[in-house]
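A quick write-up on the structure given underneath.
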Amino acid sequence: MDDQLMTERRVDAHEIKITARGVQVYYGEKHALKDVDVDILANTVTAFIGPSGCGKSTFLRCLNRMNDTVAIARVEGDIRIDGEDIYDSRVDPVQLRAKVGMVFQKPNPFPKSIYDNVAYGPKIHGLARTKADLDRIVEESLRKAALWNEVKDRLKESGTGLSGGQQQRLCIARAVATGPEILLMDEPCSALDPIATAQVEELIDELREKFSVVIVTHSMQQAARVSQRTAFFHLGNLVEYGNTSKIFTNPDDPRTESYITGRIG
Amino acid sequence: MPNSEHIVSGFDRDLEGIQAQIMRMGGLVEEAIARATEALETRDGEQARAVRDADRAIDALEEQVNDEAARIIAQRQPIAGDLRTVLTVFRVSTNLERIGDYAKNIAKRTETIIESPPVNGSAASLRRMARQVELMLKDVLDAYIQRDVALAADVRARDRDVDQMYSAIFREYLTFMMEDPRNITTCMHLHFMAKNIERMGDHVTSIAEQVIYLVTGDMPDDDRPKQDATALSVGPRT
Ligand SMILES: Nc1ncnc2c1ncn2[C@@H]1O[C@H](COP(=O)(O)OP(=O)(O)O)[C@@H](O)[C@H]1O
Ligand SMILES: [Mg+2]
């Protein structure tokens, strides 16, 4: 891995992948996300941190319209990916989610073979015309998820038989298989042991080459290790957003410092 | 930086503990400077010897502080202001230990030069210069414990006076040596002592910079022009 400051500086030149302006989310009466403005860069790992219930997952789910599936949720504001309004009525949320992949806290492979877990998305999106095409996508995806060498001889075995860390990388392979440009990860390591966590973190750093990665994490050390940009949320507000090394060495807002140093707010 | 308490109260105790040790070290070092220069002025070999012995306590404290700070890093993984507190402890303890070494070196030279007759008027200006550094050290320790950036900046500025005093002393000793070659050995020792005090001032300045970093997160970057006339003269360099 490069020196963190150098990496961050290089990232400065990356173009903006996601633009969010004035984003509000309500769950019924509850105002869960308040007027969030943020630009997320391409080929950059962006970490969302903040106390439980501050709206990190809510904002993450806005980015691939997962909130559409929550009946009482109402999203306002403007969110654009590569300049295109993802809430435009002409956008198909299913297509959008192929472009904006998501990995969840608990590894959730389908109760199917390793192969089918990865092949499922490309199949339903019609990304492979032949069996050979599909084989290639499965292999590439598993390679990108740093899992190929461990499973190449047992692709027919069930995905649920893998270790927790392998299952999570399988879910990453599954998300990668539909050819997304953005990967959203909601606490992807919280159910993993330290070794599996280290492998996933290493993977996240590699994924940055091809994807814009947004990761929600409760581990300050993890945010500091894997990301180049960090956003701190508090009570539904985006309090501070900036270079990770700045946030973790000398944050501007006292609320950020209290939270990351484990102080009573 | 927020000074509210940590949720884990042991962390607060850890951070307070290492800072208290820094203050204890600082106290010992202040005393070492004062006693070393007094021993020089009063030509008191016994006191010089005592200063040398006392340096061991300073070295031991430095080791303790560094072990403790390393443990805190491993155990608590401090970040932001907490991290700066721990990093600063490492650096300040090193600075203090070095100042202690210079005081010890002055004591050692004192034991040597009191074997020869005194060079009239030579110790007084050294004493003045040491007094200046001692006051700077006292102020910088206050600035450290009170997180007082203005006071730290003031200390930093005052190091220029020490540099000027050093240049003046250097010229004074050159004169003594030219007046009477029998003064040369003693004056060489005195000159090295002056250089030691000048270096103490640099370490105090470095502590002042650490205080500024601790509070603001940024090191002061405007270069202080070094006032050292001897750089242009021919003379023993250390
Ligand atoms: N489906 C939902 N229905 C109602 N309230 C919700 C729902 N999801 C989240 N919330 C509320 O919105 C706020 C933000 O939640 P969330 O985005 O999950 O926070 P985080 O991920 O930061 O822990 C919380 O107060 C939570 O209770
Ligand atoms: Mg969440």
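Chain letters run A, B, ... following the sequence lines, proteins first and then strands; every chain starts at 1.
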Neighbour count above 12 (heavy atom, 6.0 Å) for R21(A) CZ =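 Buried by this count: over 12 neighbours within 6.0 Å.
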
Mind checking the [atom1]-[atom2] spacing from [X] to [Y]? Nearest 0.5 Å is all I need.
X       : Y       : atom1 : atom2 : result
Y213(B) : N250(A) : OH    : CG    : 8.0 Å
E5(B)   : S258(A) : CD    : OG    : 12.0 Å
R84(B)  : T249(A) : CZ    : OG1   : 7.0 Å

Over all atoms of both residues, closest heavy-atom pair of [X] and [Y]:
X       : Y       : result
I79(B)  : I260(A) : CD1-O, 3.1 Å
R263(A) : S4(B)   : NE-O, 2.9 Å
F11(B)  : T261(A) : CE1-O, 4.4 Å

task = Please answer whether the main-chain N or O of Q221(A) pairs with a side-chain N or O of Q77(B) as donor and acceptor at a distance below 3.5 Å.
result =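 Here the side-chain-to-backbone pair does not exist.
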
